[in-house]
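Structure first, commentary second.
Positions are given from 1 along the sequence. Only this structure's heavy atoms are used, side chains among them; waters, hydrogens and symmetry mates stay out. Fair warning: this is a prediction, and the values are worked out from it, not measured in the lab.
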Amino acid sequence: MSQRAKLSSDTLLLLLLLFSSYSFFRFAYGSSLSSTDKKQQLQEVDALLKWKSSLVKQTHSLLPTWKINSTASTTTPCRWYGITCNKDGGVTELKITGLGLQGTLHGFNFSSFTNFVSLNLSYNTLFGTIPSQINNIPKLTSLDLSVNEFSGLIPPEIGALTSLHKLHLSKNQISGSLPICICNLTKLTSLSVYENQVSGAIPQDIGRLIFLTFLALSGNKLTGSIPTSLTNSTRLDALYLHDNQLSDIIPRDIGMLSSLTLLSIHNNNMSGSIPVSLTNLTRLNTLTLYHNQLSGIIPQDIGKLHSLTGFDLSENKITGLIPTSVCNLTNLAYLSFFKNGLSDIIPREIGGLRSLTVFSLYSNNLIGSIPASLTNLTILDTLSLWDNQLSCIIPQDIGRLRSLTIFDLSTNNFTGPIPISICHLANLTLLSVFRNQLTGVIPQDIGKLRSLDTLYMSVNKLTGSIPASVGNLRNLTLLSLFTNELNGSLPIGINNLTLLNELSLGDNKFSGYLPQNVCQSGILEQFVVNDNHFTGPIPRSLRSCTSLRHLDLTSNELVDDVTEAFHVYPHLYRLGVGNNMLYGELSKDWGKCQNLTAISFAGNKITGKIPSEMGNLMILSQLYLFSNNLVGEIPKELLKLSSLIELDLSNNQLSGRLSSTVGMLSNLQLLDLSRNKLIGSIPKQLGQCSRLLSLNLSSNNFSESIPPYIGNLDSLQILLDLSYNELSGEIPSALGKLSKLIKLNLSHNKLSGSIPSLFDQMLSLNIIDISFNELSGPIPNIKAFEDAPIDSLRNNKELCGNNSRVLKPCNSSVVTGRKEAKHSKLVLIILLPLFGTLFLLFVLLAILFRLRKKSVRNAAPTDQDRGTGTQRNLFSIWNYDGKIVFEHIIEATENFDAKYCIGAGGYGSVYKAELSTGQVVAVKKLHSSDEESEISDLKSFESEVHALTEIRHRNIVKLFGFCSNLQRRFSFLVYEFVERGSLKMFYAMGNKQWSSIG
């Protein structure tokens, strides 16, 4: 018993000694650790406070707890806002998000935070570059600087943070390329750099990041291809690459990313086909590939993607049909294939996609009818099938789609009536069926669609009147019914549509008055009612409708005073009130409508002068005032508007001279001042309007000569009409430079002299009229003159030439004189110095040379030639005897046997001749004539030869030579033979047709 007590006391003593020793050592060790921790804490506190002081002053107050408490026995930051510490008091996490801090990280001492594992400063307003010293926190596993204003490059030192699991730098202003060293961060599970300005290629070794589950590089300027190594990151759940400039093909092995639930590559430049392996991504619920350059077909097994809820291939070049397996995607809520080249029919089983809310196939080449099963999609919100080739009728039970808010079938070939059940779609905000072939009436209960904002039924064959119930559509902002066969008066209820900003009823058969309160709310922007039978005054509410941008009342039967009906419209860009019965004078206020680009008051009874204030409309491009009773001079200010493209003031009573400022209309393409009382000369400055396509100054009192500067209008193509004036003198040869001109009218003037030889080059001329002048000499050798009717050439002095309907042939002296006049200056320049220096020694050679030049170039016939019936060679460009060539052609064609004939025309037949030398030529043999017309035909033949030797044009077949034999009574031309060739010239006559500018 005593031994047992003694043992217990000894044991107790031993335990006390051991406890004392432990406490001593623990105290000693603990004192040493606390000293180290305290030093670390002081460094961290100092670093944090220094960074706080570097922030923009206004944000100091956002960190009120970041301060040293003088009453506290410690200086630990562990209770400061956004800071987390470990058990030893070291800062491990700094998370300050969404406070709006402003400043940089350059004052942040990263090396003071050796225990940092997480730094999150997202959703602030921090700026500057990301410091390279960030690599001084090697234990960092999470770095989030997203949604700030950081700029500059991603520092390559970031590759030293090999413990990183999360790196988020999205929504900043970071530029440069993705550093290759990012591929060293092999522990990364989430990498987000979206919505920056990062450029260059995605690093090829990105596939080393095999633990990645989230990769977001969208919204940058990345180029190049998607690295094939990316398919090694098989843990990827979400891949965002959209909104870049990536190109090339989608990796063929994309199907290896079997964990993907989201794949977003839209808004890039990807090409090639959709990889078949993509159909292996059975977990995918969102696939967006829209707005690329993808081609080929949709994979047939696309139906294997059973988890898909969103599928968007729109705006590519996908062709072929829509696979029926699409109908297996029963979880689909969003299906969009618009703007591709898809063809064939919509799959009949499409009604099986009961979860579908958006179905958009517009702008393809789809045919056939709308499947009846489509009406099973009772939760469908958007149905957009416009711009296809769909046909047949709209399903009668379309009204079952009661969730529809957008219904667009426009620009197809639908026929039949608009189904009455459409009035059951009470949630509709947009209904568009324009540009089809729909018939019948607008459903009477259309007014039940009280949510409707936009109603398009234009360009169909609808009949009847507008239902009165339309007045119930009080939310309507756009009503478009133009180009139908609607009739009757407009319903009174249309005045209830106070939210309208566009009302288009043009090109129908409406009658009665226009709604007087159409703009009572002051927000109407477009009011178009052209080409109807509206009567009465212009609605008075339009006078104060300053919101107007487009107003077209053209071609009705409106009667009103234009001075009172309109006022100032600051936003109006297009005005058309032509072809009515408007009267009064044009107001000076039109000069205050600075946004006007097109104006038409044509075809009314407007009087007074053109306001000079219209010259203030600096962007006006079209002005039509024709067919009124306007008087006075054309304002100089109007002729200074360089923006004008078309100006038509014809059929008025304008007087005075045409100002020289007309030359300032540098962009003018059409000018019509015809049927007025303008006097004086045509200003030479008109030749500065170099873009003119049509010029009509006819039926005025212009006098003096035609200014040669008109020949500078080398764009003139449609018309040049100077007829019915008092113009005199000769036709300027410069007009011959108008090589594009199709129609020329110089009739009913006092023009004299000959038609310039330069007119031979006006090959585009199709219609001419030079009648009732005093012109003489030969007409040009072009089709427009040769085929001109009698009325176009009559009542001149002594015209002659190749127009058998009207004119006599010109005699040889006239033809020769015309040719010699062309070359006289050149001959004098060459021969006079020769005669002056060498006349005495080489007179004989000079005479021979001149005779030879005359015979070769002018091919003028001699009296001896005319008086004999012997064979003669008029001209030849071949370098051997013409008689031998003549005989060779006769031999090659077997005296023009019909089997060698390859064509015939009004003046001759064309033969193919293969000469003994092996050369193949085309021979045009002129039709034989009787003896009385033989000399006349010979002269015509000579004229044609002269013309052909002078013409140089790429579309004219090369002439080798010609032969004429009076004994055998035939003549022919020898041309280059063009294999499989046929040259035809087509001319188009441009007749001015005025139409509404609305």
For [X] and [Y], work out which heavy atoms get closest and say how close.
X: N484; Y: K461; value: OD1-N, 3.4 Å
X: G711; Y: K737; value: O-CE, 3.7 Å
X: D561; Y: G584; value: OD1-CA, 3.5 Å
X: G801; Y: C810; value: N-SG, 3.3 Å
X: P611; Y: L586; value: CG-O, 3.5 Å
X: N676; Y: N651; value: ND2-N, 4.0 Å

At what distance, to the nearest 0.5 angstrom, does [atom1] of [X] lie from [atom2] of [Y]?
X: L644; Y: N667; atom1: CG; atom2: CG; value: 9.0 Å
X: L799; Y: S754; atom1: CG; atom2: OG; value: 9.5 Å
X: R675; Y: Q653; atom1: CZ; atom2: CD; value: 13.0 Å
X: C519; Y: L548; atom1: SG; atom2: CG; value: 5.5 Å
X: L505; Y: D531; atom1: CG; atom2: CG; value: 12.5 Å
X: S699; Y: K677; atom1: OG; atom2: NZ; value: 13.0 Å

Sorted by first residue and then second, give each salt bridge (Lys or Arg N to Asp or Glu O under 4.0 Å) pair with at least one member in residues 747-756; sequence neighbours left out. E726-K750
Is the closest side-chain heavy-atom distance between [X] and [Y] below 4.5 Å?
X: L744; Y: F759; value: yes
X: L486; Y: I442; value: yes
X: E525; Y: E502; value: no
X: V577; Y: F566; value: yes
X: N616; Y: W590; value: no
X: D552; Y: F527; value: no
X: T546; Y: V568; value: no
X: L649; Y: D672; value: no

More than 12 heavy atoms of other groups within 6.0 Å of [X] [atom1]:
X: F702; atom1: CZ; answer: yes
X: Y709; atom1: OH; answer: no
X: E798; atom1: CD; answer: no
X: M581; atom1: CE; answer: yes

Okay, side chain of [X], backbone of [Y]: is any donor-acceptor separation there less than 3.5 Å?
X: N460; Y: M457; result: yes
X: N532; Y: F510; result: yes
X: N725; Y: N700; result: yes
X: N781; Y: S757; result: no
X: N508; Y: G506; result: yes
X: S458; Y: S480; result: yes
X: D721; Y: N696; result: no
X: T483; Y: V459; result: no
X: S643; Y: S621; result: no
X: S541; Y: Q516; result: yes

Show your reasoning for whether side-chain contact (heavy atoms from CB on, under 4.5 Å) applies to K740 and L716. CA-CA 6 Å; K740 300 176 183 177; L716 208 59; over 6 Å; no
Side-chain donor-acceptor pair under 3.5 Å between T554 and N530, yes or no? no
Side chains of S504 and Q526: do they bring a donor and an acceptor to under 3.5 Å? yes
As a quick check of understanding, evaluate side-chain hydrogen bond (donor to acceptor under 3.5 Å, both in side chains) for D769 and S792, giving each step before the final call. CA-CA 4 Å; D769 191 345; S792 296; 4.5 Å; no
Does the side-chain contact (heavy atoms from CB on, under 4.5 Å) test come out yes or no for L673 and L678, once each step is laid out? CA-CA 9 Å; L673 305 178; L678 300 174; 4.0 Å; yes
Assess the residue pair S771 and N795 against the criterion (side-chain contact (heavy atoms from CB on, under 4.5 Å)); give the C-alpha distance rounded to whole Å, side-chain angles, the decisive distance to 0.1 Å, and a yes or no. CA-CA 6 Å; S771 61; N795 288 75; 5.5 Å; no
Can you pull the disulfide (SG to SG under 2.5 Å) pairs that have at least one residue in residues 574-622, sequence neighbours excluded? none
Only one of N628, I610, I606, V631 passes side chain to side chain contact (heavy atoms under 4.5 Å, CB included) with N652; say which it is. N628
Of the options V662, L658, I706, L722, which is the one that meets I682 in a side chain to side chain contact (heavy atoms under 4.5 Å, CB included)? L722
Give a yes or no on whether a salt bridge exists between D560 and R540, defined as a side-chain N under 4.0 angstrom from a carboxylate O. yes
Hey, what's the ring geometry for Y573 with H550, parallel, tilted or perpendicular (30° and 60° as the breaks)? tilted
Verdict with supporting geometry, L630 and L625, side-chain contact (heavy atoms from CB on, under 4.5 Å): CA-CA 8 Å; L630 296 169; L625 302 179; 3.9 Å; yes
